[in-house]
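Naming convention: chains lettered A, B, ... in sequence-line order (proteins, then strands); numbering from 1 in each chain. Please read all numbers here as calculations on a predicted model, not as lab measurements.
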Number of protein chains: 2
Amino acid sequence: MTVWDRPEPPTRPVPLDRERIVSAAIALADEGGLEAVSLRKVAARLDAGPMRLYGYISAKEELFDLMMDEVNAEILPEERPADWREALRVLAHRTRRAALRHEWLADLLGGRPSLGPNGLAVAEATLSALDGLADIDTVMRAVETVSAYFTGAIRREIANLRAERATGLSKRDWQRASGPYMTRMLATGRFPALTKAVYDGTEVDAEESFATGLEWVLDAVAAQLGRPPA
Amino acid sequence: MTVWDRPEPPTRPVPLDRERIVSAAIALADEGGLEAVSLRKVAARLDAGPMRLYGYISAKEELFDLMMDEVNAEILPEERPADWREALRVLAHRTRRAALRHEWLADLLGGRPSLGPNGLAVAEATLSALDGLADIDTVMRAVETVSAYFTGAIRREIANLRAERATGLSKRDWQRASGPYMTRMLATGRFPALTKAVYDGTEVDAEESFATGLEWVLDAVAAQLGRPPA
DNA sequence: TCCCCGTCAATACAGTGTATCGGCATGAGA
DNA sequence: TCTCATGCCGATACACTGTATTGACGGGGA
């Protein structure tokens with residue numbers, strides 16, 4: 001083992017900050033889902049030891065919080081939309097598109113309160129869109145209702161998407177013919193309404209379905225806003 | 001080492017079935033959350049080796065599917081409610097109460113398609129409640145919208161509940177005074193609407209808030225059902 | 001009676017989050 | 001400029017995870 005064989009000692013540790021850590025984690029998650037995010041792998045991407053990360057976060061969960069906040073920045077619309085309805089609509093659609101870019105977001109959505117700076121900014125944007133249109137409590141209820149809807153809808157959409165990817169079949173094809181289990185269950189006759197839905201329902205575009213439900217909910221909110229406070 | 005020292009050989013392996021496995025898993029999850037469910041611990045509760053479980057499930061995820069289906073049985077109403085609105089309302093509230101009994105349900109809700117027998121029965125119950133009141137596609141959209149709402153709302157409620165438990169403070173108390181971070185953020189003046197909401201909003205009962213949003217969504221569905229098919 | 005096969009437990013492995021510890025480089029004080 | 005202390009970083013360690021593999025042992029069929 002001559003000097004020439006031995007590599008130079010490592011340079012000073014590469015400088016780190018939360019931003020770098022979070023974007024490494026997001027890259028990992030984009031490639032392999034949330035479960036592909038391990039502190040060791042994140043650290044490895046940054047040429048650092050795993051323990052180094054504990055200077056920036058105190059547990060893995062906090063890394064997820066940071067990731068969430070980072071996509072909240074993507075979600076935040078750049079300009080303030082014209083009216084409240086457009087504001088909520090844009091927010092919902094931007095969240096959905098973010099989830100399609102980062103599917104792991106579906107696993108995190110609604111899982112913990114989003115209190116990071118960008119999460120608060122999103123909350124502010126939505127609340128301010130409705131500000132003054134009704135009493136505060138109605139406004140909060142409206143925001144919560146709309147966001148409960150799109151959180152749930154996005155989660156389901158991604159769940160279906162994953163299932164389709166795993167089976168290689170669209171949901172309806174799978175239900176209709178290819179799944180022996182499903183065929184058998186429907187054949188029992190115990191699920192007539194479901195059977196009808198599976199066979200007679202039109203296969204609709206996920207985005208359209210999302211948008212339709214969203215408009216319904218927005219209609220409901222509109223009805224409430226146009227009502228004098230109780 | 002005489003005979004007397006040596007214990008008798010173990011009796012024949014305790015009989016196992018999915019039901020036993022699932023209820024052990026649920027018990028574990030009820031006590032310590034989803035992350036407390038490990039195949040080793042489930043097996044230990046049943047006096048079995050971990051590998052034994054692989055005769056009944058082929059991966060841990062499937063155990064979660066079985067757990068989900070088991071609570072779907074709790075959710076299924078015992079009798080068919082009078083009208084569609086009551087049916088959807090009951091379903092939503094029963095799901096919520098199941099999630100309060102089994103908080104880990106919030107982590108699973110909407111995460112994967114529920115195709116177990118009880119999941120299908122729930123789907124059947126909701127679809128049949130709306131059967132004939134509109135064309136199939138509208139009906140499906142209605143079911144999906146309502147369930148997206150309550151899925152999201154339940155997840156948020158449980159998330160808040162956990163956060164409150166972790167900090168020992170109600171959400172509003174925490175936001176208002178006790179969290180140095182939150183106080184600082186609100187003090188920046190960048191979140192006026194949010195600040196107003198935090199300080200002027202009434203602290204409402206979670207169930208009431210859930211119910212209110214649900215009624216709004218049901219109103220929206222009612223409006224669509226009363227409309228002739230496009 | 002013997003053998004085969006299916007079932008179950010033990011072992012093994014690669015990977016996880018995180019606590020602890022030891023050393024080294026850096027910056028302050030003399 | 002030398003010395004010492006301090007704080008950071010990596011290595012090591014630990015308890016635990018899901019799951020593949022292996023090997024023994026028992027009951028059922030020939």
- Approximate separation, where rounding is to 0.5 Å, of B:T212 OG1 and A:D137 CG: 10.5 Å
- Message: What is the separation between atom CD1 on B:I21 and atom C1' on C:dC8, rounded to the nearest whole Å?
- Response: 13 Å
- Item | Six-ring centre of A:F150, A:R96 cation under 6.0 angstrom, axis tolerance 45° | no
- Message: OP1 or OP2 of C:dG15 versus the side-chain N and O atoms of A:K41: is any pair under 4.0 Å?
- Response: no
- Task: Indicate whether OP1 or OP2 belonging to C:dA19 is found under 4.0 Å from a side-chain N or O atom of A:Y54.
- Result: no
- Message: In this structure, how many angstroms lie between the P atom of D:dG10 and the CG atom of A:D47, rounded?
- Response: 10 Å
- Task: Please evaluate the base of D:dG18 for a donor-acceptor partner in the side chain of B:R40 within a cut-off of under 3.5 Å?
- Result: yes
- Integer-rounded Å distance: C:dG17 C1' and A:M51 CE: 7 Å
- Message: Can you measure A:L53 atom CG to D:dC8 atom P for me and round it to whole angstrom units?
- Response: 15 Å
- Query: Looking just at side-chain N and O atoms, do B:H93 and B:E207 make a donor-acceptor pair shorter than 3.5 Å?
  - Reply: no
- Message: Looking only at side-chain N and O atoms, does B:S128 offer a donor or acceptor that is under 3.5 Å from a partner on B:E124?
- Response: no
- Query: Whole-Å distance between C:dG15 C1' and A:E35 CD?
  - Reply: 13 Å
- Expressed in angstrom and rounded to an integer, what is the separation of B:Y56 atom OH from D:dG18 atom P? 18 Å
- Starting at atom CG of B:L39, determine the distance to atom C1' of C:dA10, rounded to an integer number of angstrom. 16 Å
